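In what follows, a structure is listed as structure tokens, so that the remarks can point back to it.
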Amino acid sequence: MGVSIKSAEDIVCMRLAGRLASEVLDHIAPQVAAGITTGELDAICHRYMVEVQGTIPAPLNYAPPGYKPYPKSICTSVNHQVCHGIPGDRVLRAGDVINIDVTVIKDGFHGDSSRMFYVGEPSIQAKRLCETTYRCMWLGIDQVKPGAKLGDIGAAIQQYAESQGYAVVREFCGHGIGRKFHEDPQILHYGRPGTGMVLEPGMTFTIEPMINAGRAAIRELADGWTIVTKDHSLSAQWEHTVLVTDSGVEVLTTSAGCPERPAQA
Ligand code: MF3
Ligand code: CO
Ligand code: CO
């Protein structure tokens with residue numbers, strides 16, 4: 001399985017899918033507040049995707065080998081949940097932090113993005129973890145250009161996360177994306193500079209670091225999907241879908257409400 005290089009026409013579709021994924025996050029952002037359930041957030045996003053955008057929620061019934069079909073249209077991962085949290089009856093409370101991960105399909109192409117949201121006022125620790133994870137994602141994105149190597153992305157993320165006293169989750173990674181939700185290559189969020197596959201124009205993939213305040217170890221819940229930190233420490237994640245251009249990188253999952261890149265340190 002090689003890495004697909006997107007044509008000019010493919011890239012037009014990837015830009016649209018990316019913007020639409022980001023617009024679902026814009027749409028749900030004002031709804032994230034104490035008292036709402038994760039299931040209600042899912043229902044709002046589902047309706048917006050299907051009825052307003054005419055997109056297909058890629059997670060719904062997604063069943064990679066070894067998994068049962070995912071039952072909902074978005075992922076909602078709260079506090080010590082790392083990723084793939086299944087929306088349900090859980091009521092959000094002030095002080096929670098939640099990752100909402102949206103993947104849409106439009107005209108056969110996927111756009112995949114996630115953001116962290118604060119429910120009420122976050123603790124100082126939660127805010128620092130979410131902000132550091134956002135910087136990690138952008139440090140990874142800033143490595144992307146033709147001729148760079150995949151290890152450069154992972155190394156930039158790992159170096160910064162660990163310098164802040166945090167740990168990088170190893171079991172899940174970014175991924176090539178296009179006509180398929182998850183395709184080659186794997187984008188590890190740790191590694192050594194100058195190692196791994198060379199980036200070429202036309203590649204599209206996600207960068208989606210999962211960073212834990214405590215130890216890196218994770219565990220899967222009995223629902224077969226939800227991943228939590230083994231030590232119950234807080235975890236954060238941000239995700240963009242990016243394109244390798246002739247001169248550098250283009251972030252595809254942008255929209256009017258998308259947070260800006262962090263100020264240069
Ligand atoms: N959106 C996730 C990712 O970034 C994948 C979720 S798979 C699901 O790769 F089935 F849980 F939705
Ligand atoms: Co992804
Ligand atoms: Co995602």
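The residues of the chain are indexed from 1 along the displayed sequence. No experiment lies behind these values; they were computed from the predicted model shown. As the structure lists them, so they are numbered: ligands from 1, and atoms in each ligand from 1. Every heavy atom of this structure was used, including side-chain atoms; hydrogens, water molecules and symmetry mates were not.
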* To do: Return yes or no for this condition: an N or O of Y70 is under 3.5 Å from an N or O of ligand 1.
  => no
* Asked: Is there a donor in the side chain of S114 and an acceptor in the side chain of E208, or the other way round, less than 3.5 Å apart?
  -> no
* Mind checking whether Y67 contacts ligand 1 via backbone (N, CA, C, O), side chain (CB onward), both or neither, at a 4.0 Å heavy-atom cut-off? => neither
* Asked: Are F172 and H189 near enough that their ring centres are under 6.0 Å apart?
  -> no
* Asked: Stepwise, does the salt bridge (charged side-chain N to carboxylate O under 4.0 Å, His left out) test hold for E131 with R135?
  -> CA-CA 6 Å; E131 288 178 352; R135 285 184 176 276; over 6 Å; no
* **Close N or O approach (E208, ligand 1; < 3.5 Å)** => yes
* **atom 12 (F) of ligand 1 - nearest protein heavy atom and its distance** => P59 CB, 3.0 Å
* How would you list, by chain and number, every residue that makes a ring pair (Phe, Tyr, Trp, His ring centres under 6.0 Å) with H182, sequence neighbours excluded? -> Y62, H175
* Is F109 close to V12 at the side-chain level, that is, under 4.5 Å between some pair of heavy atoms? -> no
* To do: Please assess R115 against S22 for the test side chain to side chain donor-acceptor pair (under 3.5 Å), listing each intermediate value before the final yes or no.
  => CA-CA 9 Å; R115 301 180 196 160; S22 190; 2.9 Å; yes
* To do: Just need the protein heavy atom nearest to atom 5 (C) of ligand 1, so name the residue and atom and give the distance.
  => F181 CZ, 3.6 Å
* **atom 9 (O) of ligand 1: the protein heavy-atom neighbour that sits closest, reported with distance to 0.1 Å** => H182 NE2, 2.7 Å
* **R215 and Y166: side chain donor to acceptor below 3.5 Å** => no
* Asked: Is the closest heavy-atom distance from F172 to ligand 1 below 4.0 Å?
  -> no
* Heavy-atom contacts under 4.0 Å between C83 and ligand 1: side chain, backbone, both, or neither? -> neither
* To do: Identify the protein heavy atom lying closest to atom 2 (C) of ligand 1, giving its residue, its atom name and the separation to 0.1 Å.
  => D101 OD2, 3.3 Å
* Structure fact -> Near D112 (heavy-atom distance under 4.0 Å), the atoms of ligand 1 are 1 (N), 3 (C), 4 (O), 9 (O)
* Are K6 and E183 close enough for a salt bridge, meaning some N to O gap below 4.0 Å? -> yes
* Pairing of D152 and R192 as salt bridge, 4.0 angstrom limit -> no
* Protein contact to atom 7 (S) of ligand 1 [nearest heavy atom, distance to 0.1 Å] -> Y62 CD2, 3.9 Å
* Is T206 touching ligand 1 with its side chain, its backbone, both, or neither, if touching means heavy atoms under 4.0 Å apart? -> neither
* **Non-hydrogen side-chain atoms of E250 and V242 separated by less than 4.5 Å** => no
* Is the distance from the Co ion (ligand 2) to the nearest N/O/S atom of H182 under 2.8 Å? -> no
* Polar contact flag, side-chain donor to acceptor under 3.5 angstrom, D26-S255 -> yes
* Would you check if there is a donor-acceptor pair between the side chains of N99 and S77 at a distance under 3.5 Å? => no
* Asked: How about T229 and N212: does a side-chain donor come under 3.5 Å of a side-chain acceptor?
  -> no
* Asked: What atoms in ligand 1 come closer than 4.0 Å to a heavy atom of T103?
  -> 1 (N)
* Would you say W225 has any N or O atom under 3.5 Å from an N or O of ligand 1, going by distance alone? -> no
* For ligand 1, is there an N or O atom under 3.5 Å from any N or O atom of H175? -> yes
* Without hydrogens or angle criteria, can the side chains of K106 and T55 be said to hold a donor-acceptor pair below 3.5 Å? -> no
* Structure fact -> Distance filter < 2.8 Å from the Co ion (ligand 3), protein N/O/S hits 4
